[in-house]
2 protein chains.
Amino acid sequence: MPTIKDVAKALNLSITTVSRALDGYDDVADSTRELVIKTAHKMGYTPNRAARQLRRQQTDTIGYILPTEKPQFADPFYSEFIAGLGDTAAASNFDLIVSAAPPDSSAEKALYERWVQGRKVDGIIINRTRLLDWRVQYLAERETPFVSLERSQLPVEFIGVETETNQGMIELISYLANQGHSRIAYIGASPDLKIEYDRHLGYQVGLQEAQITSDPSLTIRANLTPEGGYQAVRQLLALANAPTAIVCVNDLTAIGAMHAAHESGLKVGRDIAIAGFDGIADSAHTQPPLTTLDQPVYEIASRLVTMLLSLIKGDLLSERQVKIQPKLLIRPSTGG
Amino acid sequence: MPTIKDVAKALNLSITTVSRALDGYDDVADSTRELVIKTAHKMGYTPNRAARQLRRQQTDTIGYILPTEKPQFADPFYSEFIAGLGDTAAASNFDLIVSAAPPDSSAEKALYERWVQGRKVDGIIINRTRLLDWRVQYLAERETPFVSLERSQLPVEFIGVETETNQGMIELISYLANQGHSRIAYIGASPDLKIEYDRHLGYQVGLQEAQITSDPSLTIRANLTPEGGYQAVRQLLALANAPTAIVCVNDLTAIGAMHAAHESGLKVGRDIAIAGFDGIADSAHTQPPLTTLDQPVYEIASRLVTMLLSLIKGDLLSERQVKIQPKLLIRPSTGG
DNA sequence: AATATTTCCCAAAACGTTTTGGAGAATATT
DNA sequence: AATATTCTCCAAAACGTTTTGGGAAATATT
């Protein structure tokens with residue numbers, strides 16, 4: 001594997017000149033630059049990343065840690081999200097390093113420390129942000145560039161992307177109300193998650209706009225998985241006064257919810273309405289197809305990377321806080 | 001951020017000794033080693049990865065490239081797969097870098113070159129192996145350690161994990177035959193993929209064992225997505241002599257297939273039987289729940305990393321070729 | 001008491017870059 | 001013709017480790 005020294009020797013130039021020719025400095029003659037570029041290419045020279053990183057004190061790498069729950073972890077949201085991160089990073093010649101850890105665990109903490117202290121990454125992408133997320137505190141204190149999907153409640157400047165949920169929820173619930181539903185339940189997630197906070201709030205605002213009085217017994221917390229949604233619906237259907245429509249915090253929950261409804265002999269879309277949130281690809285092919293608030297996951301991921309990279313480079317970011325409007329996709333799971 | 005030099009100065013030792021104390025060499029007194037470890041920890045010292053990499057000429061990093069298809073890419077298989085890769089790598093203090101590129105594209109080639117030539121990774125994980133996969137040729141030629149999920153047909157030693165499909169397919173098809181099905185279709189994927197080769201072969205062997213003569217018009221190729229499965233079933237149902245059972249190359253295809261069947265007014269599990277392959281988490285919650293050949297994705301990923309790491313370290317690998325038996329999960333989508 | 005061995009430590013080189021601070025040659029300006 | 005300016009180039013230092021090849025002191029062996 002040729003080094004810069006080999007290229008220099010082959011051309012009888014100093015390594016300084018080769019380096020500067022390759023990096024586009026203007027204190028090297030055009031003729032030599034061309035020559036350098038050509039022979040470097042011919043010799044198959046690629047700069048050694050470690051050496052460059054050591055000297056430059058930066059890594060050209062960004063990090064992302066998957067929020068894996070204990071046993072199994074399979075959410076199509078994340079494969080699309082990671083594809084977006086990886087693609088966009090690669091387009092700027094950055095690398096993406098990925099690891100996995102349960103949220104708010106010691107393993108998570110250890111990973112962040114390893115990456116931040118060891119100067120393993122130039123910046124970090126956070127998602128599934130929690131209301132009082134130690135990660136944003138930690139990264140802000142250490143002045144490590146980071147962007148997040150969803151805003152925490154900590155007094156730290158928020159840079160990233162957030163989904164504006166209220167409008168979409170209002171649309172969804174008004175649609176359900178127009179279909180004649182008045183007992184509309186909500187299946188949420190852990191209350192320390194910002195998405196749960198937002199989506200539950202959106203649900204309540206939606207009810208209010210539709211002039212439906214909120215019934216606390218119709219809000220129930222699950223864990224973002226099909227299993228969670230399945231169990232939650234079994235509870236809801238056991239209620240004396242069971243709901244006729246159910247809004248779920250994400251599509252996976254809705255998939256489990258539909259399963260439980262079917263199992264109880266209800267025809268989803270006729271006997272009960274069920275809606276999700278995320279717009280994962282599967283949602284178009286569930287039986288019946290799922291009404292959902294669709295988010296452009298790939299673009300969100302891509303946008304986050306773009307923002308993070310300019311943060312790292314010290315460019316001034318015109319838009320530090322991007323708001324995304326989810327799009328209501330009405331499908332047969334809510335009748336109509 | 002303290003360096004090894006700071007630690008050495010604080011203890012009035014040489015950096016050599018500090019380095020060797022930390023690395024566990026036995027030519028340093030136990031008392032000093034303890035002292036070094038303690039103060040290094042107290043000072044918050046973490047070795048700089050770039051410097052270590054440069055000196056050691058290795059990166060403690062493995063790479064994986066997602067096979068993203070053009071528009072959207074969301075397959076829960078991959079979120080679980082990546083979680084397994086990341087977890088297991090992190091447990092050995094290795095990092096996982098992830099990027100994305102369409103299979104067999106110039107972008108894919110560019111990424112591999114960047115990683116291999118630039119010594120960015122110590123080893124690579126391959127999946128969705130193709131029959132004549134340029135990647136295995138390339139990596140073998142460059143003597144870059146790699147492991148793959150599924151074996152190519154190239155004359156290169158195979159190291160990795162493969163799924164033994166025939167047995168599972170025989171079970172599945174014999175089950176279908178016992179249910180009275182004799183027109184059993186197969187929806188596959190691109191024929192250059194090893195999984196397509198294997199699973200299609202398994203299907204044919206299964207038919208043979210069940211003494212059903214194979215009808216070529218019942219094999220149809222899709223693209224591993226729900227959309228593909230959906231379109232394929234529309235074609236199949238338009239046949240003069242339509243199938244009564246359909247075996248799909250993966251669960252996503254099966255999900256789309258069920259959708260199309262429903263849409264044609266067929267009740268899946270009663271009027272038509274549909275089965276998938278992979279055992280993604282959703283498959284338990286489709287309507288009806290999907291019969292599938294379940295693979296332990298997380299364990300497969302984890303196993304691949306373990307193998308790759310010993311390959312990198314030069315340990316002798318006792319098992320270079322691991323065979324996995326998928327497990328048939330019979331669910332209502334095939335009636336019964 | 002001399003020699004051999006073990007124990008514990010260290011100075012210096014090396015890994016492959018980028019950057020600093022010029023220096024000589026060519027050209028432009030007086 | 002002398003001086004100033006611009007063009008090109010380069011030697012050397014630095015980034016933070018690990019490893020090599022000892023070397024001095026302490027201990028064991030004759």
Side-chain angles (χ1 to χ4, degrees), chain A residues 1-37 39-40 43-61 93 95 114-122 313, chain B residues 1-37 39-40 43-61 93 95 114-122 313:
Chain A
M1 185 91 312
T3 73
I4 199 174
K5 204 190 278 183
D6 300 321
V7 179
K9 204 174 295 171
L11 288 168
N12 230 345
L13 284 172
S14 74
I15 60 173
T16 308
T17 304
V18 174
S19 172
R20 298 183 73 90
L22 258 22
D23 274 12
Y25 283 73
D26 63 356
D27 67 350
V28 28
D30 288 347
S31 55
T32 40
R33 181 196 313 288
E34 261 177 58
L35 197 61
V36 167
I37 292 179
T39 55
M43 296 175 69
Y45 167 72
T46 328
N48 178 301
R49 310 271 293 201
R52 166 178 288 182
Q53 286 169 19
L54 178 59
R55 174 61 228 225
R56 283 216 189 131
Q57 294 292 79
Q58 54 164 41
T59 65
D60 292 4
T61 301
N93 257 304
D95 287 314
R114 194 147 73 89
W115 285 2
V116 171
Q117 316 256 4
R119 295 248 179 285
K120 180 73 199 175
V121 298
D122 292 340
K313 285 177 193 140
Chain B
M1 187 88 312
T3 72
I4 199 173
K5 205 188 277 183
D6 301 319
V7 178
K9 205 174 294 170
L11 289 168
N12 231 346
L13 283 173
S14 75
I15 59 173
T16 307
T17 304
V18 173
S19 173
R20 297 182 74 90
L22 259 21
D23 274 13
Y25 283 72
D26 63 354
D27 66 351
V28 28
D30 288 347
S31 55
T32 38
R33 182 198 311 287
E34 262 177 57
L35 196 62
V36 167
I37 291 179
T39 55
M43 296 176 68
Y45 166 73
T46 329
N48 178 300
R49 310 271 292 201
R52 167 178 289 183
Q53 286 169 21
L54 177 58
R55 175 58 230 226
R56 283 217 189 128
Q57 295 292 78
Q58 54 165 42
T59 66
D60 291 3
T61 301
N93 258 304
D95 287 312
R114 194 148 71 88
W115 285 2
V116 172
Q117 316 256 4
R119 296 251 180 282
K120 180 71 199 175
V121 298
D122 292 340
K313 287 179 192 136

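Just so it is clear: chains get the letters A, B, ... in the order the sequence lines come, proteins before strands, and each one is counted from 1.
Only one option out of Leu22(A), Thr17(A), Val18(A), Val28(A) pairs with Arg33(A) in a side-chain contact (heavy atoms from CB on, under 4.5 Å); it is Val28(A).
Atom CD of Gln57(A) sits in a crowded spot, with more than 12 heavy atoms from other residues, nucleotides or ligands closer than 6.0 Å. Within 6.0 Å of atom CG in Asp30(B), 12 or fewer heavy atoms from other residues, nucleotides or ligands are found, so the atom counts as exposed in its surroundings. More than 12 heavy atoms of other residues, nucleotides or ligands lie within 6.0 Å of CG in Asp23(A), so this atom counts as buried by the packing criterion.
The residue Asp27(A) sits close to a base: some heavy atom pair falls under 4.0 Å.
For residues 2-22 of chain A, the pairs satisfying salt bridge (Lys or Arg N to Asp or Glu O under 4.0 Å) are Arg20(A)-Asp27(A), with sequence neighbours left out.
Within the model, atoms CG of Leu54(A) and CG of Asn48(B) stand 6.0 Å from one another, a figure rounded to the nearest 0.5 Å. How far OG1 of Thr59(A) is from NZ of Lys120(A): 8.0 Å, rounded to the nearest 0.5 Å.
Map Arg55(B) and Tyr45(A) each onto its nearest nucleotide of DNA chain C; the residue landing nearer the 5' end is Arg55(B). Remark on DNA chain D: of its neighbouring residues Ala29(A) and Arg56(A), the 5'-side contact belongs to Ala29(A), judged by nearest-heavy-atom nucleotide. Mapped onto DNA chain D by nearest heavy atom, Ala51(B) and Tyr25(B) fall at different nucleotides, with Ala51(B) at the one closer to the 5' end.
In summary, contact between chain A and DNA chain C, defined as any nucleotide atom under 4.0 Å from a heavy atom of the protein, begins and ends at dG16(C) to dT20(C) in the 5' to 3' direction.
Contacts of Arg114(A) classified as side-chain contact (heavy atoms from CB on, under 4.5 Å), with partners at least two apart in sequence or in another chain: Leu111(A), Arg49(B), Ala90(B), Asn93(B), Asp95(B). With sequence neighbours excluded, no residue forms a side-chain hydrogen bond (donor to acceptor under 3.5 Å, both in side chains) with Asn12(B).
Five base pairs at each end of the helix from dA1(C)-dT30(D) to dT30(C)-dA1(D) define two local axes, and these are offset by 50° (rounded to 10°).
The stretch residues 14-23 of chain A touches DNA chain C through Ile15(A), Thr16(A), Ser19(A), Arg20(A), Asp23(A), each having a heavy atom within less than 4.0 Å of the strand.
Without hydrogens or angle criteria, Ser19(A) side chain to Ile15(A) main chain gives no donor-acceptor distance under 3.5 Å.
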